[in-house]
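Heads up: the structure comes next, in structure tokens.
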Amino acid sequence: MPRFRLNRFLLLLACIGVALYFGVSALYGMQQEDEPQADNPALTKQQAAEAASTFISGRYAIKAPETYVVYQSKKERSGYLQKEHLSQSYEDTYGKHYPLDYYQVQVGDARQSRLFEVEINYTDGSVISWRETYRDDASALISQTKADILAKQEMRAQGLNPDEMKPIAKEDDGTDSSSGLVLYYEKQSQPMGEAKLQVRTQFDDANLVGYTVLFSLPASHLAWLNQQDHSASVMTWISMGFSLIMTVAAIVFAILYRKQMRFTNGLLLTAIFLAIYITNNFNMYPAFRSMSIGAVNGEFATMAAIIFMNVLALGLGISLYLSLVAGNGLWNRIGQPKWPSWREGKFGTEAFHGMGRGYLLALFILGVQQVLFYTGDVKFDVWAVNDPTDSVLNMAEPRFFPLMAWVAAISEEATYRLLGIMLFKKLFRNNFIAILIPSVIWAASHTQYPIYPVYTRLVEVTIIGLILGYVFLKYGFITAVFAHACMDSILMGMSLFSLGHISDIISGIFYLLLPALVGCFLAWLHGKRRGPLIPGGPPPRLEAL
């Protein structure tokens, strides 16, 4: 096993990163108006299912109900409150009864002839809202007078004063196949900025079958949000287009210089990438289901989405393999190897030291990222919302999720550093431009995360890409992968801590240590099993971190 010789420069960077991270965290703590922190679920999904099942069974006499539970969030409402600095005011006024984050439970009878969507407060188990989303028998409409009486009775039972609720004309969203008569009411007091509390009530031929609490958001905010999402979508498509062009270039160079390419390079990394990615797609079944819960064909739509994502994963795997082969071959061709092969004597040492460098550089990058977040928050009014489709609460096994750190590290460092830098170096013969352009392309693919304004994410990830680009040029591909994997493993591993269970905390600690285990294992295995040195290859030597 090689021994560490600490690189003082990298150690200094790591110390700077740690100081920046905790310094900025302290500045956040000193802010006058802290945003309220979201509560972690106090209920299990099973408890939420039981609460929803008991409520619907008791109210609508549904026997042996079947349930499915996902985590959800009022993303648009949360965004408006943060953008207008109303989060604390909302928490004080409405947060207890109408939380932004909750469990959503689909409840249906065994024949699926009736389906309900129930929102459960995941801190106390109370029912927030419910509505019938499907009914296979058509019903006559109830009279509006009777419906109004039932609506006001329910509002009073739910703690609202009917005298403060004014009937309003509003076009229904039309998403429920059993909507029947729908009436809307709006609270005349205690608005949140321009947002007012509204209640949507839904009826069949004789009874109230839906009671949903809404908040009307200003049209200007929704238009701004749509424009931001559109910009993020455009940037994502641009990134995908340039990434496809880079893949085509990889094919061309692999054919042109096929005699100098090692086509076995990258097979193992590609296999690891696909194994984790495809497994994670199935692990995200609840996340995909969250997008179709309440629909009678929700399971079919979910499986279709998973199949599509797995087909996409295969395409990305092919692109990754081509990037590894062509990128490595092009660097070797100009006499600047960036990725030692297994048969080279220095592979084990490079893996071991690359792991050490990776941790030090990850600490520096996390510190820089914290500064960028704080600058965006203070200077550019940046805010973010929870995304249920990317939450560990919507995964079949949350403790598997941090393995995705290696998917990101392998694929993105291969595509945007190993291949990307070489391609643009050929075009512009300037290291900075060769690092900058693929960094921007890489950053553009990250703009669809729910962080607003979206351009700030482009700037943040581009800066991180510049750091990783120079790391790649200085220390090579293995160190760049470890730096990326260490950074993501720390962030993803810490996300498990929020789940609160001792097993999740232990798993989170394991993932924080996993890059070290991988580096040590590769160094040990290479020392035990490496083949003969490549003729003309460099002799074994220890390199400083």
Side-chain angles (χ1 to χ4, degrees), residues 36 38-39 43 48 51-52 54-56 58-60 72-78 80-81 84 86-105 107 116-133 141-173 175-176 178-204 206-218 221-222 294:
D39 293 324
L43 273 68
T54 299
F55 175 80
I56 294 298
R59 185 143 188 166
Y60 300 105
Q72 287 286 21
S73 181
K74 303 291 186 182
K75 294 169 59 177
E76 291 183 348
R77 188 189 309 174
S78 175
Y80 173 74
L81 295 171
E84 301 300 325
L86 294 167
S87 295
Q88 188 61 59
S89 177
Y90 179 88
E91 181 66 22
D92 295 340
T93 307
Y94 296 114
K96 181 178 179 180
H97 299 291
Y98 314 116
L100 299 173
D101 300 290
Y102 56 96
Y103 282 136
Q104 188 177 49
V105 187
V107 183
F116 288 84
E117 183 182 286
V118 186
E119 297 177 6
I120 298 292
N121 187 329
Y122 66 26
T123 60
D124 62 15
S126 61
V127 175
I128 304 168
S129 298
W130 73 95
R131 63 176 181 172
E132 188 171 34
T133 59
L141 292 181
I142 191 174
S143 71
Q144 188 158 333
T145 301
K146 183 179 178 181
D148 181 67
I149 294 172
L150 293 176
K152 290 179 178 178
Q153 289 176 347
E154 189 62 47
M155 284 187 281
R156 189 178 299 279
Q158 296 295 327
L160 295 176
N161 183 356
D163 295 335
E164 291 185 347
M165 305 299 296
K166 177 183 177 182
I168 59 172
K170 185 174 180 178
E171 185 176 349
D172 195 51
D173 57 18
T175 57
D176 299 336
S178 63
S179 289
L181 178 64
V182 176
L183 299 179
Y184 285 90
Y185 299 83
E186 186 172 81
K187 194 172 190 289
Q188 300 303 295
S189 62
Q190 294 182 298
M192 291 290 110
E194 296 181 57
K196 293 183 178 181
L197 185 150
Q198 295 180 344
V199 172
R200 175 189 183 273
T201 53
Q202 174 185 335
F203 305 87
D204 60 13
N207 300 299
L208 181 143
V209 294
Y211 177 92
T212 307
V213 176
L214 313 167
F215 276 81
S216 62
L217 301 180
H221 172 76
L222 295 176

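Throughout, numbering of the chain's residues begins at 1 and tracks the sequence. The analysis underlying the following values was restricted to heavy atoms, covering all of them including side chains, and did not include hydrogens, waters or symmetry mates.
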Query raised in the report: Do any N or O atoms from the side chain of Asp204 and from the backbone of Ala206 form a donor-acceptor pair under 3.5 angstrom?
Result: yes
Query - Set of residues satisfying side-chain contact (heavy atoms from CB on, under 4.5 Å) with respect to Gln198, sequence neighbours excluded - result: Ile168, Lys170, Glu186, Leu214, Ser216
Which pairs of donor and acceptor atoms, one on a side chain in residues 144-153, lie under 3.5 Å apart (sequence neighbours left out)?
unit_1 : atom_1 : unit_2 : atom_2 : d
Asp148 : OD1    : Tyr185 : OH     : 2.6
Asp148 : OD2    : Lys152 : NZ     : 3.4

**Report entry** Any side-chain heavy-atom pair of Lys74 and Glu119 under 4.5 Å
**Finding:** yes
Query raised in the report: Does Tyr80 use its side chain to pair, donor to acceptor, with the backbone of Pro218 at less than 3.5 Å?
Result: no
Query raised in the report: Under a 4.5 Å cut-off applied to non-hydrogen side-chain atoms, are Met192 and Thr93 in contact?
Result: yes
Query raised in the report: Heavy-atom distance under 4.5 Å between the side chains of Phe55 and Phe116, does that happen here?
Result: no
Query - Val127 side chain reached by Tyr211 side chain, heavy atoms, under 4.5 Å - result: no
Requested in this report: List in chain and number order the residues that pass side-chain hydrogen bond (donor to acceptor under 3.5 Å, both in side chains) with Arg156, two or more places apart in sequence or in another chain; answer none if no residue qualifies.
Outcome: none
**Report entry** With sequence neighbours excluded, residues passing side-chain contact (heavy atoms from CB on, under 4.5 Å) with Tyr98
**Finding:** Arg77, Tyr90, Tyr94, Ile128, Leu160, Leu197, Val213
Report task. Find the distance between NE2 (His221) and CD (Glu84) and round it off to the nearest 0.5 Å. Result -> 8.0 Å
Query raised in the report: Is there a donor-acceptor contact under 3.5 Å linking the side chains of Thr133 and Glu117?
Result: no
**Report entry** Asp124: side-chain contact (heavy atoms from CB on, under 4.5 Å) partners, not counting sequence neighbours
**Finding:** Asn121, Ser126
Query raised in the report: Do Glu132 and Tyr60 come within less than 4.5 Å of each other through their side chains, counting heavy atoms only?
Result: no
Query raised in the report: Considering residues at least two apart in sequence or located in another chain, which fulfil the side-chain hydrogen bond (donor to acceptor under 3.5 Å, both in side chains) criterion with Ser78?
Result: Gln82
